[in-house]
2 protein chains.
Amino acid sequence: MTDAPGVVRITDVAALAGVSPSTVSKALNDTGSLRPATRAKVREAAERLGFVPDATARSLSARRSFTVGLLSTDSAGRFSLPVVLGAENALVGGQISALLATARHDAVREQHHVRSLVARRVDGIIVTGRTTEPRRPIRVPMPVVYAFAPSQDPQDASVVPDDDAGMTAVAEHLTSLGRRRVAYVGGRGDQAASTQRHDSLRTALRGHDGTLVGDPLYGEWSERWGRLAVDLVLGDHRAGDPLPVDAIAFASDQLARGGCDRLRDRGVRVPEDVAVTGYDDWDVMTLASRPPLTTVDPQLERLGQRSAELLLAAIDGRPSSGVELSPPRLVVRASTMGDA
Amino acid sequence: MTDAPGVVRITDVAALAGVSPSTVSKALNDTGSLRPATRAKVREAAERLGFVPDATARSLSARRSFTVGLLSTDSAGRFSLPVVLGAENALVGGQISALLATARHDAVREQHHVRSLVARRVDGIIVTGRTTEPRRPIRVPMPVVYAFAPSQDPQDASVVPDDDAGMTAVAEHLTSLGRRRVAYVGGRGDQAASTQRHDSLRTALRGHDGTLVGDPLYGEWSERWGRLAVDLVLGDHRAGDPLPVDAIAFASDQLARGGCDRLRDRGVRVPEDVAVTGYDDWDVMTLASRPPLTTVDPQLERLGQRSAELLLAAIDGRPSSGVELSPPRLVVRASTMGDA
DNA sequence: GGAAACTAGGAATCCGTTTTCCTAACGGTA
DNA sequence: TACCGTTAGGAAAACGGATTCCTAGTTTCC
C-alpha cells in the first residue's frame, strides 16, 4: 500500500541533515560523541520528516524484540481480561509491546500460538488461564510468568490471587460484626476456587469464635445455583422462625446475588437477618444486587501488573521462581453493613 | 537469558544439512528449484534442530511485519473485547499476529500507542471504541478499519452493528406475538445506542400495526435505572388494573433485567402480562434473569472478524471505504414466549 | 557429438538500524 | 613546531533471513 510515501528511513534524515546514517542513529539515541549542534541539527531533520525508526530493524540488531506475548488459555474472559490489561499496562511503561494470543482452550491452537511467539522472538511470555487450576507449563527458550493459573511445575514463576487471605478477611469481617453461624456456598466442587475458599473460611472462622454451619454446598457458578443453595441452607424455614445461620459466604458475586434475590423472595432481610458476602468484586453484580454486595476484590489488574514486573525482571536477567500470592482487598457494602 | 542455546539460525540448519543458507530458505519456503531429496534433507535437519525462522528478519526483508495493531480506545471492556477477539481470531487464520494496544480513554496514551504501532510497521490497524459514537480518525501511513465505533470521516472504512435491523427484529417479533402497545426504555440519552434504537423501534412498530407508548425514557445503563423506568411506565398501576402496555423493549440486557425484577416485585407477570426484550445478549444477564430474556445478539465477534477481513483485503491492495453494517440476530427466550 | 536449454544449488545483495572500528582534524604541551 | 591525546563523525560490519543473480552440471535435440 503506502510504500514510498510516508515511510521515512534513517538515510532520508541523514541526507536532510547532511550527515551519515550512523550519526543520525547516535544523535537520536544519545550515544557516541557528537557536538550538541550536530545532535540538534539531526533531531530537527528527524522531526521535520516525521521519522520513526523501524522497530523491526532495531530488533534485529538488538537481538531482542521489545515485545512480550500474552498467551491466554481461554478467550480472555471475565478473569483473564483484567490480568491481561494489567500486564499490558505495566509493559507499556517499559517501552514494550504486547502480542495478544488467545488459545480458546484448544491445545493445537495454543501450540500454534507458542510457535508464533517464538518465531517473533518475544522477550518473554505471560500465560494466563480461565481458572486458578494449575496448568501444564509451556516449553520455550525465553522467560515465562504464569498469571492467575499457576504452572504445574513449582519451579516456574507464577502469580496467583491469595484466596486464603480473601476468605480470611471475610471471616474476620463477619465475626467482627457479631456473626457466628456462617454457611458457605461454593461453585463447581471440582475447582480450587470453590474448595480452597471453603477451607480458608472454616479455618479462619475457628480462629475468631465463628462456626461454619453445615457442609459446603457445591453446584455451578451461576445465580441460579445461588438461589437454589439458599433454599438448601434455609431448609423449611418459615418467616418468624429462628434462622439456622446469621451469614452466608458465597464463593462468587454471581452466587451471592442469586442468594440475595432468593432471600428477599423468602422474606429474609439482608443484612439484618442474614449477612451476605460475595467474591470477585464484579461491579455488574455487586452494585446491581439488592442490597449491594460486600465482597473481595482479587485486584486482578494488579496481579497482571505484578506478573509483568516479574517478567521484565526475568528478561533483565533477574529471574524469579515459585508461586507468588497477590493480595486481595475486602470491599464492604450494604449486604453486611446496612448503613455502609 | 537463553541466548546461545535454544536459538537456532538458518546457518545451523544449513550446516547440518550440508547445504547453503539460501538452499535452506528455498527448501523451507517451497521456492526456487531443488531436488525433492534435498528439500526432504533440509526439512529433516530443520525439524531436528527445532528451527523456527526469525520473523523479525523475515519482516525486515519482506518489508512488512505480518502484524496488525488492535487499538482499543477503552480498556477492552464489555463491547470491544468480543470485537478484539473476533478480529484476533480472523487474523490468526491469515498468519498474522495481533499487537494489543489499549488507550484507556487517554489521548496521550493513544498517541503513544499509535506511534509505537507505526514504529513496528504494522501492516494495518483495527480501531475499536467503548461505544458506537463516531470517533476521531487516526492518521497513519497504513490501512485502518474502525470497528464498533465508526470513524467521523465517512471515507474511512468502518464496521458497526446494525442496530436498526436489531430493533426492527424486536418490533416484528413483538407484533407477531400480538403485542401492540410497546414502551421503550433507553440508557444514556446522549448516546446513539439509546436514541437510534428508539427511532428504529418506533419506525418498525408503525409498519406492523404496533404503537410506541409514551416518550422514550432515558437514564443510565444500569439495572437500577431499569427498575426505576418500569415504575415510570406503570405509573400508579395496581394489580388487576388494565396495563398501559403489553410489552417493554429495553435498550440493554441490564436494563431489561432490572425491569423484569421490578415487574415481578409489582406482581406483573412476564411475559403473560408484559413481554420484555433486552439488547446485547449478555448471557450473564439474559440467563440469570427471571424469566430469561429475549434479546438481540449484535454478534460482535463476527463484527470483529469482518473488520479483520476488510483490513486484510486493504493490506492486500483492495481497500474499502464507508460504513458497513454488521447484522444482529434475534434470540428468543422466555421473557416474550413463555414456552420458549 | 556438440550446442542449446534446463536444473540444482551456491554466492552476493538487500532490508533498516545499531555498533564497532577507524581516520581525520583539533587542541594542548614540551 | 612537532608530537600526542581527544574528539567528531564516517565507513563498514553485524543482525537473520529472502531473493536475485550466477555457474557448473546435466539433458535434450539435431
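Per chain, numbering begins at 1; letters A, B, ... match sequence-line order. Not measured: the values here are computed from a predicted model.
A straight line from CZ of A:R9 to C1' of C:dT17 spans 13 Å, rounded to a whole angstrom. The distance from atom CZ of A:R63 to atom P of C:dT20 is 12 Å, rounded to the nearest whole Å. If you take CG of A:L28 and P of C:dT17, they are 10 Å apart, rounded to a whole angstrom. Summarising the geometry, the separation between CG on A:D54 and C1' on C:dC14 is reported as 14 Å, rounded to the nearest angstrom. When rounded to the nearest whole Å, the span between CG of A:N29 and C1' of C:dT17 equals 9 Å. For the pair A:I10 CD1 and C:dT17 P, the computed distance is 5 Å after rounding to whole Å.
Side-chain atoms of B:S326 and B:V160, non-hydrogen and from C-beta on, never get closer than 4.5 Å to each other.
The distance from atom CG of B:L100 to atom OG of A:S97, rounded to the nearest 0.5 Å, is 10.0 Å. A:L70 contributes atom CG, which lies 11.5 Å from atom NE2 of A:H113 (distance to the nearest 0.5 angstrom). Distance check: A:F79 CZ to A:T131 OG1 gives 9.5 Å after rounding to the nearest 0.5 Å.
Of all the residues in residues 32-48 of chain A, A:S33, A:L34, A:R35, A:T38 reach under 4.0 Å from DNA chain D with at least one non-hydrogen atom. The stretch residues 11-26 of chain B touches DNA chain D through B:S22, B:S25, B:K26, each having a heavy atom within less than 4.0 Å of the strand.
Each of A:V122, A:L312, A:L311 was scored for a side-chain contact (heavy atoms from CB on, under 4.5 Å) with A:I96, with one residue passing: A:L312.
When all heavy atoms of B:P327 and B:Q299 are compared, the closest pair comes out as O-NE2, 2.9 Å. Here the closest heavy-atom approach between residue A:S25 and residue A:I10 is recorded as N-CD1, 3.9 Å. Closest heavy-atom contact between B:T73 and B:R135: OG1-NH1, 2.9 Å.
One finds a salt bridge joining B:R306 and B:E309 here, because a Lys/Arg side-chain nitrogen approaches an Asp/Glu carboxylate oxygen to under 4.0 Å.
Over its length, the helix from C:dG1-D:dC30 to C:dA30-D:dT1 turns its helix axis by 60°, as judged from the five terminal pairs at each end, rounded to 10°.
Within a 6.0 Å radius of CD in A:E44, other residues, nucleotides and ligands contribute 12 heavy atoms or fewer.
Boundaries of the chain B contact region on DNA chain D are D:dG16 to D:dT20, first to last in 5' to 3' order (nucleotide atom under 4.0 Å from a heavy atom).
Residue pairs meeting the salt bridge (charged side-chain N to carboxylate O under 4.0 Å, His left out) criterion with at least one partner in residues 136-146 of chain B, sequence neighbours excluded, are B:E110-B:R136.
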Return a table of donor-acceptor pairs under 3.5 angstrom between the side chains of residues 141-155 of chain A and protein atoms on other chains or two or more places apart.
residue	atom	partner	partner atom	Å
A:Y146	OH	A:I138	N	2.9
A:S151	OG	A:D153	N	3.0
A:S151	OG	A:D156	OD2	2.7
A:D153	OD1	A:Q155	N	2.8

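Among the protein residues, A:R64 comes within range of no part of the nucleic acid, since none of its heavy atoms lies under 4.0 Å from any strand.
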